[in-house]
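As structure tokens, the structure follows; a few thoughts come after it.
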Amino acid sequence: MDLNDTPEQAQYRAQVRAWLEEHKSEAPDVEALSEDDVVPARRAWQGKLAEGGLAGVTWPQEFGGQGKGPIEQVIVNQEIAAAGVPGILDVIGLGMLGPCLIAHGTDEQKSRYLGPMLHGDEVWCQLFSEPAAGSDLAAVQAKATQQDDGTWRLTGQKVWTTNAQFASYGLLLARTDADVPKHKGLTMFVVPMDADGITIRGLRQISGEAEFNEVFFDDVALDADAVVGGVGNGWGTALTVLMFERLTIGLGAEGFGYNAARFTKAVAQDEHARRDPEVRQRLGEINTELLAIRFQSYRVLSALSQGAIPGPEAGLAKVTTVKAAIDAGELIADVIGPDALDEDSEWAYMISFLPGLKSAGGTEEILRNTIGERVLGLPPEPRLDKGVPFSELRSIEKQGAPA
Amino acid sequence: MDLNDTPEQAQYRAQVRAWLEEHKSEAPDVEALSEDDVVPARRAWQGKLAEGGLAGVTWPQEFGGQGKGPIEQVIVNQEIAAAGVPGILDVIGLGMLGPCLIAHGTDEQKSRYLGPMLHGDEVWCQLFSEPAAGSDLAAVQAKATQQDDGTWRLTGQKVWTTNAQFASYGLLLARTDADVPKHKGLTMFVVPMDADGITIRGLRQISGEAEFNEVFFDDVALDADAVVGGVGNGWGTALTVLMFERLTIGLGAEGFGYNAARFTKAVAQDEHARRDPEVRQRLGEINTELLAIRFQSYRVLSALSQGAIPGPEAGLAKVTTVKAAIDAGELIADVIGPDALDEDSEWAYMISFLPGLKSAGGTEEILRNTIGERVLGLPPEPRLDKGVPFSELRSIEKQGAPA
Amino acid sequence: MNLELTDEQQALREAATGALSRVADYEVLRDALEGAARPENWGLVAEQGWAGLLVSEANGGAELSLFDAMLLLIEAGKLLVSHELLGHLPATTLLDAASYPGTADYAEGTKRAAFLAARPPGDVETAWTVEARSGSARAAAPTLNADGTVSGEVAWVVDAPGADLLVGVAVDGSGTAKTVAIETGASGVSIEGPVLRYDSSRLLGNVSLSNAPATVLEGADPARAWYVAQALLAAESYGAVETALTVSVEYAKERYTFGRPIGSYQAMKHGLVEILRQRENAYAVMLYAGWSYEDKPEEFALAASAARTAAGHALDYAARQQIATHGGIGATWEHDAPLFFRRSQLSRRLLGGIGDSTDRVAGELLAA
Amino acid sequence: MNLELTDEQQALREAATGALSRVADYEVLRDALEGAARPENWGLVAEQGWAGLLVSEANGGAELSLFDAMLLLIEAGKLLVSHELLGHLPATTLLDAASYPGTADYAEGTKRAAFLAARPPGDVETAWTVEARSGSARAAAPTLNADGTVSGEVAWVVDAPGADLLVGVAVDGSGTAKTVAIETGASGVSIEGPVLRYDSSRLLGNVSLSNAPATVLEGADPARAWYVAQALLAAESYGAVETALTVSVEYAKERYTFGRPIGSYQAMKHGLVEILRQRENAYAVMLYAGWSYEDKPEEFALAASAARTAAGHALDYAARQQIATHGGIGATWEHDAPLFFRRSQLSRRLLGGIGDSTDRVAGELLAA
């Protein structure tokens with residue numbers, strides 16, 4: 001058991017730190033910028049990080065990456081945090097969509113898209129979820145129909161899309177065959193976000209901020225070569241993205257800014273509260289969970305560096321993080337009182353945003369199902385949708401009868 | 001909204017109190033008696049209560065009861081408690097099995113069994129649950145086969161049977177037809193507990209005490225007139241018993257001795273604990289739930305006296321009671337320390353017994369299903385056993401495939 | 001024994017539902033979160049005769065029971081209608097008990113009073129305390145100066161902005177708590193507010209008193225008024241739980257995932273039943289509060305604290321479950337679930353907070 | 001970074017599993033609940049070389065890491081095997097640090113020591129305290145008299161009955177805490193026990209010291225020993241969680257109700273996944289405790305307290321879920337689930353209790 005850097009890792013860390021020391025003055029001061037200027041400034045900074053080898057750390061060298069392992073990625077993350085500069089803007093592209101293109105894209109797609117993605121010239125978004133296909137992702141209804149000339153026409157709606165408002169491209173899961181069971185008639189596409197027929201609408205959250213977007217597609221034309229991973233193989237291609245997502249979550253739970261020191265400080269400032277056994281009990285439980293999260297991410301990293309890929313149980317880290325942060329928000333607002341809910345409070349956003357996060361990225365219930373079945377080997381729920389052509393599914397559902 | 005007695009109720013209360021005042025010296029002192037003497041003494045006392053009109057309060061007068069309502073029953077319960085004397089011994093017989101016989105029994109059965117039951121001359125037990133049929137009661141396997149002469153032979157096993165060790169009769173649910181779906185092939189029988197082929201074995205609980213029994217039936221002969229409610233109608237007959245059980249639970253939640261005053265006293269004795277905010281918070285939450293239980297039972301009573309029958313949601317009172325008592329046990333043992341777990345401690349039995357109570361009488365999960373479906377109108381779980389002959393069920397289950 | 005509603009109570013409730021649904025509007029509440037004016041329904045309150053619910057007929061009121069007032073607050077809570085009764089009703093019980101001159105105006109609703117809520121001493125904490133602006137320590141109640149004026153600060157006073165009169169507690173030089181009434185127009189009275197735009201149906205103010213002229217109300221029991229406020233807040237919270245459950249159950253029947261309505265899954269079903277369980281518990285303890293107010297006054301502090309605790313926890317749970325039931329959509333601005341969440345978050349921390357009412361349940365029983 | 005077990009650790013664990021499963025027997029534990037002798041496995045402990053795990057080679061021990069000792073306790077916890085290492089191992093770290101004469105006997109296991117556990121001062125409570133016989137207030141640590149003898153009472157001392165030496169804390173006249181070793185055969189030492197037949201794998205005694213001769217151990221850090229005990233109890237609890245989960249999952253696959261295996265129902269499935277979640281959390285924090293003991297000693301108090309908290313809560317939850325999974329049968333005497341329940345109930349209240357370790361997690365961070 002060893003948490004320390006190997007000599008090679010220490011050397012790499014020193015090299016990263018030196019680069020950051022030299023270039024950190026070029027990083028944008030996000031707090032000082034106007035809302036409109038933040039994205040361009042962060043894209044430019046991502047480009048600099050890429051030039052310095054601090055973006056795409058785990059990407060193969062042939063696509064502009066560093067060909068290194070997850071530990072080096074974490075070292076870069078840690079040093080960027082320590083230097084107090086912003087990280088890359090397009091976490092979704094570099095962490096999930098790029099690796100999917102590397103795995104499933106054609107040579108043309110790789111050479112066209114990966115470079116601009118890496119350097120922040122083109123930001124990407126993930127177009128999977130729909131109003132009626134959230135945790136049940138294979139239920140997507142957005143429909144792409146192939147034309148006689150091989151091109152496609154796309155109509156439908158996506159939701160919960162981060163970064164759509166300034167993305168150049170999206171990776172989109174669409175139904176291309178409704179006459180086969182629902183997992184089988186799906187295809188993945190690259191969609192230029194400036195295409196005719198696309199409407200993007202900010203989706204305001206309970207906290208009042210627009211964290212996500214809805215994206216509407218009205219008969220959008222896509223080239224024949226927009227398909228990623230083959231027609232009808234969309235489900236498998238999507239699973240690749242989800243696997244990289246899980247990996248990102250497993251490594252980055254503390255990255256939300258939910259950590260023991262920050263929460264404790266809020267309580268410590270209140271002389272009455274810090275001596276109150278009830279407050280301390282709740283704080284101790286929250287902090288224990290947050291410490292667990294930290295060491296779980298080290299475990300994931302350790303496993304990765306041994307060549308293992310984290311299983312679905314890595315998702316439990318998210319469950320714990322959200323739980324601990326919700327509990328912390330409750331505690332801190334109980335200590336501070338109504339003032340904690342004021343718009344100007346450091347805590348109001350967290351308190352109001354977290355209930356929604358519990359449902360984001362596959363609800364907690366579905367995650368627990370998956371882990372129960374895939375990790376513990378428990379028997380599955382009876383499925384009423386198995387083997388049924390998608391087009392007949394809704395009428396069967398409405399009857400509520402077993403297939 | 002009125003919690004007080006009407007003039008008629010006050011008069012009845014006075015009458016009950018007067019009887020108890022006159023006869024309470026005849027009541028057995030249960031604590032002072034040896035283990036073997038308790039049951040005979042309590043049976044005799046039940047006989048006296050019956051003579052005085054304090055047993056079978058809600059039974060029709062033609063069967064020896066008082067033909068009164070549930071409020072009068074509660075008045076009797078309250079006055080018996082206030083007088084500090086034991087109540088009736090055969091709560092299951094008088095509360096659940098007798099009313100079932102009254103509803104479904106033949107005239108012969110009513111005249112043969114109800115009198116001795118009421119007076120404690122013959123104690124009854126309920127033989128429904130089996131090792132593989134607990135919350136899924138319709139899955140009973142105990143098998144009764146009709147002989148050419150119309151009599152029956154019974155083989156099987158029952159479990160969780162209270163009072164079996166001294167009962168004269170049992171009401172037993174058996175499978176009489178395995179070739180129809182599972183709810184349809186059941187029949188209810190009266191079983192003399194001294195019949196050849198019956199073995200009774202005490203079932204010790206986690207707390208170390210034998211609260212329940214296992215009862216084994218090895219080719220037991222039953223007369224043709226042992227059937228209650230008709231061959232093949234056992235499920236409906238069982239539901240009658242369960243409805244009366246629910247009613248008993250709805251009215252009697254505080255009867256377990258789990259009440260706010262008792263738990264609070266344990267904490268109040270500890271000067272350090274009674275000022276500890278964390279202890280007080282837990283105590284306040286527990287007591288709030290126990291107060292809710294008390295007023296819920298008043299609500300049930302109020303509804304009953306208006307002629308309404310409590311729905312399945314009355315079972316939530318049991319969920320709350322068990323939850324509050326478990327929480328109270330944890331709190332009190334946290335306050336007292338390991339000493340609370342000592343055999344001689346007032347609390348050890350409660351702490352160790354309660355986890356099992358959570359599963360008794362239909363697990364909490366099944367209860368929540370029932371309430372969700374019947375009270376909130378939520379859609380049911382998909383059922384894989386619907387319409388399948390019982391004899392084919394197990395092989396289908398083992399395949400895990402939808403029927 | 002009869003715990004069913006009387007015909008009069010049924011009628012009161014139906015009239016309330018009718019009147020309140022005419023003004024209920026979630027869209028207006030969302031707009032108010034962004035700066036539009038909070039909906040004011042005092043005109044309706046006065047017109048319906050609700051202002052004088054708890055005032056005796058002799059003083060110009062309707063002399064109804066506390067439980068009647070709770071029934072009204074349940075209906076208001078169901079629809080998240082804003083009203084100023086949470087501040088006004090407890091204040092009027094004090095005015096009525098002291099037969100304060102002009103009580104009839106408050107009973108008719110031509111004037112409006114606000115309860116300057118003070119928490120009575122308990123088994124451990126022996127002082128009267130009021131809400132602090134920030135932090136977990138409670139503040140000392142205002143002082144009744146030798147010249148009869150009152151000085152002090154009370155934060156987060158419900159319905160204080162725009163009120164004509166503040167009624168609460170001030171402690172005199174000998175440490176005795178007196179009930180005082182303070183005209184808001186008088187010198188030395190300053191009310192900051194409305195403050196905090198988090199639950200836009202709620203009206204809050206921070207009160208500063210500097211040698212403010214006051215009338216001492218003899219014969220009024222300010223501890224009882226504190227518990228009246230707890231019981232009313234419980235009822236209002238209970239109403240919100242009712243809606244959260246109804247709306248969530250409806251959605252769970254209609255929304256399908258993996259080929260089944262989501263309400264057929266145990267996790268969802270059991271969560272919704274848990275709302276029901278907590279709701280039923282809350283209602284039971286509210287019955288206790290309503291009954292004890294008149295028939296068992298020595299248990300009213302316990303009953304009202306327990307009602308606040310049960311209903312508050314039920315709303316905490318229901319508001320989160322409502323969001324979870326609706327999946328991602330339940331956390332979006334346009335949805336109504338966040339309005340119930342905001343209601344739960346703020347209510348939890350007013351009038352001493354749920355932690356305090358829970359502590360009081362323990363304290364009342366420990367001291368018994 | 002590598003958090004996988006080393007080959008040596010794998011070998012240690014496998015050897016432990018092998019040796020422990022030869023003596024593991026739930027039936028014997030049930031018999032002991034009814035009066036039969038508690039199973040004694042000290043011979044095995046000595047034979048396997050476990051007694052000296054945490055003693056340096058110079059003093060005759062194996063000089064392994066704390067995490068190695070935790071791995072051993074995990075295996076013992078899985079099988080509910082009784083051992084006296086929870087008392088012995090922390091005591092030997094103190095003997096070793098002070099190079100107490102005869103430490104080698106304790107490392108070899110020819111003699112056995114017990115840790116007279118004392119809780120170090122925290123950010124609020126500034127005194128050294130020990131377990132009281134009953135009640136929520138902790139007792140003062142024993143006194144180091146001017147003549148070098150020790151007087152005081154310590155209740156619920158793990159593994160004290162039958163031990164040759166008690167090692168713990170005594171506070172001298174100036175209020176300074178000293179580490180002391182007390183031969184149990186000396187005058188003035190009385191150990192009542194075994195006491196409490198609730199978890200029959202556990203050995204507890206109440207220690208009374210009346211001017212008992214003592215040796216002061218210089219260079220030993222008794223606070224560190226307290227946290228070593230916390231970390232070991234965490235590991236033992238974690239092991240029990242592993243078994244509870246494995247056994248419950250197996251049963252949930254095999255038991256059918258309403259035509260489906262019970263493990264296919266969400267309520268059951270999610271409950272079992274919750275055990276897994278808590279188990280994984282506990283293991284992660286145990287890694288922190290093991291790592292910080294040597295590499296980050298200033299965080300060891302925090303890490304060990306967090307490990308105790310996480311593993312303790314996990315066992316509380318798992319033991320109840322194990323009973324619930326098994327339905328009625330899980331609560332019967334013949335079943336093994338109650339043994340795990342008893343383990344969870346008693347462990348929760350030893351060595352300060354989980355409430356205390358949780359408070360310490362808060363305290364360490366609040367003071368940081």
Side-chain angles (χ1 to χ4, degrees), chain B residues 1-6 9 71 74 260-261 263-265 267-268 274-275 277 279-303 305-306 308 313 316-317 319-320 323 364-365 367-373 375-382, chain C residues 1-6 9 65 67 123-124 245 249 252-253 259-266 268-278 280-288 290-292 295-296 302-303 305-310 313 355 357-368:
Chain B
M1 195 175 73
D2 185 6
L3 275 171
N4 305 317
D5 286 341
T6 62
Q9 289 161 356
I71 298 209
V74 169
F263 295 145
T264 303
K265 193 176 153 202
V267 172
R274 68 178 291 160
R275 300 176 70 90
V279 170
R280 293 167 64 93
Q281 199 66 209
R282 290 163 69 188
L283 183 65
E285 282 168 12
I286 291 162
N287 284 341
T288 297
E289 297 213 302
L290 292 166
L291 292 171
I293 291 302
R294 180 184 304 165
F295 280 81
Q296 252 161 28
S297 73
Y298 293 155
R299 277 185 84 189
V300 169
L301 200 54
S302 167
S305 68
Q306 311 294 312
E313 69 274 21
L316 290 174
V319 172
T320 301
K323 177 186 176 302
E364 187 174 320
E365 279 72 23
L367 181 68
R368 285 187 189 256
N369 274 3
T370 305
I371 293 169
E373 290 158 25
V375 181
L376 297 181
L378 292 167
E381 294 266 336
Chain C
M1 175 182 295
N2 184 5
L3 294 178
E4 310 305 304
L5 298 186
T6 62
Q9 286 174 328
S65 74
F67 200 73
D123 63 324
V124 170
L245 179 58
V249 165
K253 290 178 189 173
R260 287 166 50 186
I262 59 173
S264 74
Y265 291 96
Q266 274 194 335
M268 184 66 70
K269 191 176 287 174
H270 292 187
L272 295 171
V273 171
E274 178 63 13
I275 303 182
L276 178 70
R277 185 183 77 85
Q278 296 197 26
E280 293 294 289
N281 281 354
Y283 191 79
V285 194
M286 282 161 52
L287 285 173
Y288 182 26
W291 171 71
S292 63
D295 286 357
K296 199 93 170 176
L302 170 64
S305 302
R308 167 81 194 274
T309 299
H313 282 312
S357 69
T358 310
D359 188 88
R360 183 56 60 117
V361 173
E364 285 292 318
L365 283 161
L366 283 166

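Chain naming here is simple, since letters A, B, ... match the order of the sequence lines and numbering starts at 1 in each. Nothing here was measured: the structure is a model prediction, and the numbers come from that model.
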* Asked: chain C heavy atoms under 4.5 Å from B:Val375: which part of the residue, side chain, backbone, both or neither?
  -> side chain

* Can you tell which of C:Ala306, C:Ala303, C:Ser264, C:Gly263 has the highest number of heavy-atom pairs within less than 4.5 Å of chain B? -> C:Ser264

* Asked: If you count heavy-atom pairs under 4.5 Å with chain C, which of B:Leu283, B:Val267, B:Thr288, B:Ile371 comes out on top?
  -> B:Thr288

* Quick one: do C:Arg277 and B:Glu289 make a salt bridge, cutoff under 4.0 Å? -> yes

* Do the side-chain N and O atoms of C:Thr309 and B:Glu285 include a donor-acceptor pair separated by under 3.5 angstrom? -> no

* Would B:Lys323 and B:Glu364 pass as an ion pair if we require N to O under 4.0 Å? -> no

* Structure fact -> Ranking C:Asp123, C:Asp359, C:Val249 by heavy-atom pairs under 4.5 Å to chain B gives rank one to C:Asp359

* Asked: Can you say whether C:Leu245 sits under 4.5 Å from chain B via the side chain, the backbone, both, or neither, judging by heavy atoms?
  -> side chain

* Would you confirm whether B:Gln281, through its side chain, and C:Gly355, through its main-chain N or O, come within 3.5 Å as a donor-acceptor pair? => yes

* **C:Glu280 side-chain N/O to B:Gln296 backbone N/O, donor-acceptor pair under 3.5 Å** => no

* Which atoms of C:Glu274 come close to chain B, meaning under 4.5 Å heavy atom to heavy atom: side chain ones, backbone ones, both, or neither? -> both

